[in-house]
Every structure is written in structure tokens, then in C-alpha cells.
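I have placed the structure first, in the form of C-alpha cells, so that the comments after it can refer back to it.
Source: prediction; values computed, not measured.
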Amino acid sequence: MTGLTRGSARPNQWLRNLNAKIASIPMILTAVVIFVGGTAWTVVYSFTNSKLLPRLSFVGFDQYERLWAAPRWLISIQNLAVFGLLSLMFSLVIGFVLAALMDQKIRFENTFRTIMLYPFALSFIVTGLVWQWLLNPQYGIQSIVRSLGWTSFAFDPLYNSNIVIYGILIAALWQGTGLVMCLMLAGLRGIDEDIWKASRVDGIPMWKTYVLIIIPMMRGVFITTLVIIASGIVKVYDLVVAQTSGGPGIASEVPAKYVYDYMFQAQNLGQGFAASTMMLVTVAIIIVPWAYLEFGGGRKRG
């Protein structure tokens, strides 16, 4: 009888937080219809010969064959790979080092934190235009340094097709590193002070404490930061348009710009949808492992 009483008194799982579940229905429907539906629509029409307007004229994998045979797309993928790997590496390293320095309870910490985070408040277009001016050889950094006496100094990455992607990388790091620093600083502030005391008592050098103890404990922060950076890398567009518009030539093309140009300028929706689908696959490659590490792995450990 006691067991039956307990079983009957236990509320149904589906009836828990019923009001909240009812209130979330519009958002769930919006997500399903707009995001899932829009994604499926894009994938389906990527197999068509749509031009100015979408039409269900299926051509199989022709759009993907043209896509991967286009030199412009291959260059954009190469640029994204270089830009992405370097951006991930430098953002995490610089952001963590700045956060570790900031965690030393320095004076004017709030001021320094605000200054470092300020670039993130700017739009990518503004950041791109600022760095376009700074990297202009006629009146930017090169001009200033030469005016100081170093007449042979050369620094014009945006005008050199071999290194133009690194000029865009500089602007991206300037804007995004502050956010990474704040995320890392929040993770460091969540570390129990007793851990630092124990490491000092045991005589463990500070760098070993960070590498062997602190960084493994900040696994969740690193994964979240990695996903935020990676998602921004895949859709990078504004910086490229503001700084180089894809030039010199097509040397700084990126996938997002390729999609925009084909869909709205070349009036080739099928090719734009195919490129969008490949970007979707890239995002899925990033999101699925993150979701597994954050949710699937956590359940197994539990």
C-alpha cells in the first residue's frame, strides 16, 4: 500500500512545469518552422537549377560539382582554414594569458577590462574600416613608421595577395580577443581559492598549476569559447567586405561572401544554396562534437 501511495502521489513527468511548457510552444514552433524548415528548404533547392527565383528543376549533384571545381570556392575554403586555425589558436592563447594577468587582482582592473572588451562592442564593418585605414600604406602604420626614419619599413598585408588573409586576421583578433578574455576570466574566478593555496603549499610552479590543474578544470569554459569562436569563423563576412571586398582579385574570398555574391549578384540561387549547405555541414561538424561533450559525455559520467 505504501508503494502504491508513493507511486500515485508522484506527479506525471509530462505535467511538471506545465505552464512553462505551454508558454514555450510558440518558440518551439518558430524554431521548427523557420530554422529546421529553412534549412531543409535550402538543402532541397541546392539540388536544383534555380537562378533568379527558386524552382524545382532537379539536376542532382551538378551544383556541388561546379562548386568544388570553382577556383574561387577553393580559395575561399583555403582562406577559411588558415583564418580559422590561426584565429582559434591566437584567440584562446592571448585571451587566456590576458585573463590570467587580469586575475592577479591588479589595480584599475575594471578600466583595463573595459578597454579590452570595447572593440567587441563595435560592428565588424566599423572594425574592418578602422583596420583598412591602419593597414593602408599611404597613411596607416607603414606611413607613420616611415615618417619616423625607417624608410624601408613595409607593412601592407591588405595589398599583398599572399598575406592578405593575415591582415584580416589582425582585425578579427583585435575585436574578438577581449570577449575570450572575459570568458576565461569568469572561468578563473570560479576556481576555488583553496586549490591555489594547496599548490603554493606543495611548491608547484604557477605555470604547472595552470597547465596541469586550472586548465583541465576549465574544460567547459574552453569548449564553450571554442564553439563561439568557431561559429564566428565560419560566417565571417563583414570584415572581409569592409577591408578588401575579397581582393586583391579573389585572394581574400571566404565562403559567406561566395554565397552572398552568387545568390544576390550572380542570380544563381542553386549555386548559392549548394555553398550554404556546405557551410551548414561545417557548422554541424563543430556543433555535434560540442553537444556530445557537453551533454552526452556528461550523462555517461553521471
Side-chain angles (χ1 to χ4, degrees), residues 80-122 127 131 163 165-236 239 282-302:
L80 187 67
V82 174
F83 177 85
L85 290 175
L86 294 179
S87 183
L88 280 173
M89 182 177 65
F90 284 111
S91 293
L92 289 174
V93 172
I94 296 174
F96 183 80
V97 170
L98 289 175
L101 294 174
M102 201 73 67
D103 194 41
Q104 305 305 311
K105 309 297 188 298
I106 62 175
R107 296 181 60 185
F108 307 111
E109 177 188 332
N110 292 335
T111 302
F112 286 119
R113 190 168 61 236
T114 302
I115 292 173
M116 293 179 184
L117 189 59
Y118 175 75
F120 186 74
L122 301 176
T127 298
W131 279 95
I163 59 173
I165 196 64
Y166 302 108
I168 298 172
L169 176 66
I170 293 172
L173 291 175
W174 179 78
Q175 182 167 32
T177 303
L179 175 65
V180 178
M181 180 206 71
C182 288
L183 293 172
M184 295 295 174
L185 183 59
L188 288 172
R189 292 288 164 85
I191 302 296
D192 195 336
E193 188 65 28
D194 291 339
I195 294 176
W196 293 105
K197 294 178 181 178
S199 66
R200 286 193 291 266
V201 169
D202 293 339
I204 302 175
M206 181 172 287
W207 69 270
K208 277 192 175 181
T209 304
Y210 276 112
V211 173
L212 301 178
I213 301 174
I214 302 302
I215 290 179
M217 292 181 66
M218 292 175 59
R219 171 182 166 275
V221 176
F222 274 93
I223 292 175
T224 301
T225 305
L226 186 68
V227 171
I228 292 174
I229 298 172
S231 62
I233 289 169
V234 172
K235 60 184 181 182
V236 62
L239 280 176
T282 304
V283 173
I285 292 173
I286 297 169
I287 295 297
V288 171
W290 168 77
Y292 174 78
L293 290 172
E294 283 296 295
F295 303 108
R299 282 198 296 269
K300 287 182 180 180
R301 287 192 302 269

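Once rounded to the nearest 0.5 Å, the distance linking CD1 of I106 with OG1 of T111 reads 9.5 Å. Rounding to the nearest 0.5 Å places CE of M116 at 13.5 Å from CH2 of W174. Distance check, rounded to the nearest 0.5 Å: OG1 of T209 to CD1 of I215 gives 11.0 Å. For the atom pair CD of Q175 and CG of L117, the computed distance is 10.5 Å after rounding to the nearest 0.5 Å. Rounded to the nearest 0.5 Å, atoms CE (M89) and CD1 (I94) are 9.0 Å apart.
Inter-residue side-chain proximity for T127 and P119 is flagged as unmet; no heavy-atom pair is nearer than 4.5 Å. Between M102 and L188 the shortest side-chain heavy-atom distance does not fall below 4.5 Å. For the pair M218 and F96, the minimum side-chain heavy-atom distance is below 4.5 Å. Two residues are said to be in side-chain contact when any heavy atoms from C-beta on lie closer than 4.5 Å; L185 and R113 meet this criterion. Inter-residue side-chain proximity for V180 and F120 is flagged as unmet; no heavy-atom pair is nearer than 4.5 Å. Side-chain contact between M184 and V221: present, with at least one pair of heavy atoms (C-beta onward) separated by less than 4.5 Å. You'll find the side chain of I165 stays beyond 4.5 Å of the side chain of L169, heavy atoms only. Between L86 and L173 there is no side-chain heavy-atom pair separated by less than 4.5 Å.
Applying the side-chain hydrogen bond (donor to acceptor under 3.5 Å, both in side chains) criterion to Q104, with sequence neighbours excluded, gives Y210. Residues forming a salt bridge (charged side-chain N to carboxylate O under 4.0 Å, His left out) with R189 (at least two apart in sequence, or on another chain): D103, E109.
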- Message: Could you go through F83 and Y166, starting from their C-alpha distance and side-chain angles, then the distance that decides it, and tell me whether this counts as side-chain contact (heavy atoms from CB on, under 4.5 Å)?
- Response: CA-CA 7 Å; F83 177 85; Y166 302 108; over 6 Å; no
- Message: Using side-chain contact (heavy atoms from CB on, under 4.5 Å), reason through M217 and I191 one step at a time and then give a plain yes or no.
- Response: CA-CA 8 Å; M217 292 181 66; I191 302 296; 4.0 Å; yes
- Item | Trace of the side-chain contact (heavy atoms from CB on, under 4.5 Å) decision for I229 with S87 | CA-CA 8 Å; I229 298 172; S87 183; 4.3 Å; yes
- Can you list the steps and then say if T225 with L92 is a side-chain contact (heavy atoms from CB on, under 4.5 Å)? CA-CA 8 Å; T225 305; L92 289 174; 3.9 Å; yes
Pairs under 3.5 angstrom only: tabulate donor-acceptor contacts from the side chains of residues 194-206 to other protein residues two or more places apart or in another chain.
{"residue": "S199", "atom": "OG", "partner": "I195", "partner atom": "O", "Å": "3.4"}
{"residue": "S199", "atom": "OG", "partner": "W196", "partner atom": "O", "Å": "2.7"}

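I213 and P216 get closest at one heavy-atom pair: O-CD, 3.4 Å. For the residue pair L239 and A171, the shortest heavy atom distance occurs at CD2-CB, 4.2 Å.
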